[in-house]
Amino acid sequence: MKVAVIGTGHVGLVTCATLADAGHEVTGTDADGEKIVRLIRGETPFFEPGLQDLVRRGLEEGGLSFSTDPAEALARAKVAFICVGTPPRADGEANLLAVERSATDVARHATNDIVVAEKSTVPVGTAGWLRLTLTRERPDLRFEIVSNPEFLREGKAIQDALEPDRILVGAESPEGFAAMRELYRPWTERGCAMVETDLATAELAKHACNAFLAMKISYINAVGQVAERSGADIVAIADVMGADPRIGRAFLNAGLGYGGSCFPKDLVAFERLAEKLGVEVPLLREIARINDEAVAGAVSKVQQALWNLEGKRVALFGLAFKPDTDDVRFSPALGVARALIEAGAEVVGYDPQASENAKAEIAELETAGDAYAAAAGAHCVVLCTDWPEFGNLDLVRLKETMAYALVVDGRNLFDPEEMRRAGFGYYP
Ligand code: UGA
């Protein structure tokens, strides 16, 4: 099937690569011409395990192409995916300008009746606006609007796209469902379930999922605060909770909390949307407040360990918002870095992938080539991102290189007993 993908960010590019891999004829387009030029050369603009190989294979085999010209991408396309960003406005509401512009592009350049699929996370009701925009521009064409939200995790996006837990399709016509069934046949033939709903249900389900996952993290962080003050072990509590299948162990890792381009923005956007519909959900605000507290809590542990921060050197292990990505958007690690720098500390960070992106955000942040180099002469290490390599560090070497052997573990990655045995002042 001929598919156009508007927007080649994380979601769009993974969509391009995996649909081409499934045998579709896919063309990606983006307002950022430089990004397209790089993609044509097979260079992916961000780190995502497996993505570059899949893009190169698609380009070589011919199923995948990129163009700066939306007309080229849309010519003869049966489906157009809208995968552009929905960043927060000042009050947190999702800014849908890029979605509207994409719809206008689709309408102007479509050469035939077309299915328009929202993949970006959008507030419920966006499909109605899409329909209006498309038909205003091109009353001569028939548009089927479909909501097909992604559930990709950065760092595991290819795996999630190739083997999703479910494919969610919201549509309003048999034609819309039929097109999505055909497109995802390679998936459903492998046994992947397709959940079919109306448009509003699909749109709202995505926000509901992200807010629920964020709630699990904030819940365990709130319990973690009580555990800390009562001498209980939060990791063991999470294990006990997780053994109950009604709860599940996933997303119960207490620590610095969530970041990234999705949860922080989606939570506020969801709250604004509910307000617009006349529903107050203070729970959503509370989830975000607890999450903000997690960064402040880690900074205060550093303060308690070091007394005055002026003139002290603090090493951050991990700068990305989570492992397996170079993404630092809303990264708790950067929150820690900013607060420590503000308080007068020298901050040096090491991340296997995200050092450059972090440095671009915070000029005063020093970066180092590995964990030991970052720790050299440091008075305290803060583990900010749970990259597996930090779990395999040589603790003797780490201790020897530091000025004071103090570790604040923002992800509960280290074994407290082992850290204490190795002679560290350890703050979980
Ligand atoms: C999230 C969702 O997991 C995806 O299903 C969704 O498609 C995506 O948002 C999106 O809306 O596009 P992502 O932001 O890539 O994916 O990251 P997650 O793996 O969900 O992690 C989010 C944050 O939560 C990270 O900062 C992570 O460190 C933190 N986290 C996660 C915890 O603090 N504790 C946990 O137990 C789990």
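Quantities reported herein were computed from a predicted structural model and do not represent experimental measurements. In each ligand, atom 1 is the first atom listed, and ligand 1 is the first ligand listed.
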**Request:** Could you find the nearest protein heavy atom to atom 4 (C) of ligand 1 and give me its residue, atom name and distance?
**Result:** L152 O, 3.3 Å
**Asked** Among protein heavy atoms, which lies nearest atom 3 (O) of ligand 1, and at what distance?
**Response** R153 CG, 3.5 Å
**Request:** Within a distance under 4.0 Å of any heavy atom of F263, pick out the atoms of ligand 1 and give their elements.
**Result:** 1 (C), 2 (C), 3 (O), 9 (O), 20 (O), 22 (C)
**Fill in**
Among non-hydrogen protein atoms, atom 36 (O) of ligand 1 lies closest to N253 N, 2.8 Å
**Item:** Presence of salt bridge, E93 and R272, under 4.0 angstrom
**Value:** no
**Complete:** One finds that the ligand 1 atoms under 4.0 Å from a non-hydrogen atom of L252 are 36 (O)
**Considering all heavy atoms, the nearest I82-A103 contact** = CD1-N, 4.1 Å
**Asked** Taking only residues two or more places apart in sequence, or in another chain, which ones meet H24 in a side-chain hydrogen bond (donor to acceptor under 3.5 Å, both in side chains)?
**Response** none
**Message:** Nearest non-hydrogen contact with atom 12 (O) of ligand 1 belongs to which option: A238, G255, C262?
**Reply:** C262
**Request:** Looking only at protein heavy atoms, identify the closest one to atom 5 (O) of ligand 1 and say how far it is in Å.
**Result:** F151 O, 3.2 Å
**Message:** For the 3.5 Å polar cut-off, considering only N or O atoms, please tell me whether G260 and ligand 1 meet it.
**Reply:** no
**Request:** Determine whether the side chains of T29 and S67 contain a donor N or O and an acceptor N or O closer than 3.5 Å.
**Result:** no
**Asked** Purely on distance, is any nitrogen or oxygen of L213 under 3.5 Å from one on ligand 1?
**Response** no
**Asked** In terms of atom number and element, which parts of ligand 1 are under 4.0 angstrom from non-hydrogen atoms of K206?
**Response** 6 (C), 7 (O), 10 (C), 11 (O), 12 (O)
**Message:** Rounded at 0.5 Å granularity, tell me how far CD in Q52 sits from CG in L13.
**Reply:** 9.5 Å
**Prompt:** Identify the closest protein heavy atom to atom 23 (C) of ligand 1: which residue and atom is it, and at what distance?
**Reply:** Y258 CB, 3.5 Å
**Request:** Can you sort out which atoms of ligand 1 are near E154, meaning under 4.0 Å from one of its heavy atoms?
**Result:** 15 (O)
**Fill in**
min-distance protein heavy atom vs atom 32 (C) of ligand 1 -> I217 CD1, 3.6 Å
**Request:** Kindly state each residue pair satisfying side chain to side chain donor-acceptor pair (under 3.5 Å) with at least one member in residues 199-212, sequence neighbours excluded.
**Result:** T121-K206, E150-K206, D198-T201, N210-D266
**Item:** Parallel, tilted or perpendicular: rings of H10 and F46 (30°, 60°)
**Value:** parallel
**Prompt:** Any salt bridge between E356 and K359, counting N to O under 4.0 Å?
**Reply:** no
**Request:** Would you mind checking if K78 and E182 are paired as a salt bridge, meaning a charged N to carboxylate O distance below 4.0 Å?
**Result:** no
**Closest protein heavy atom to atom 21 (O) of ligand 1, given as residue, atom name and distance to 0.1 Å** = K322 CD, 3.8 Å
**Prompt:** Given that the side chain starts at C-beta and the backbone is N, CA, C, O, which of these parts of V11 lies under 4.0 Å from ligand 1, counting heavy atoms, or is it both or neither?
**Reply:** neither
**Asked** Is it true that R57 and D21 have a side-chain N and a carboxylate O under 4.0 angstrom from each other?
**Response** yes
**Request:** Of the side chain and backbone of R411, name the one, both, or neither that has a heavy atom under 4.0 Å from an atom of ligand 1.
**Result:** side chain
**Asked** Is there a donor-acceptor contact under 3.5 Å linking the side chains of S173 and E144?
**Response** yes
**Prompt:** Tell me, which protein residue and heavy-atom name are nearest atom 20 (O) of ligand 1, and how many Å apart are they?
**Reply:** F251 CZ, 3.3 Å
**Request:** For D266, counting its heavy atoms only, list the atoms of ligand 1 lying under 4.0 Å from any of them.
**Result:** 11 (O)
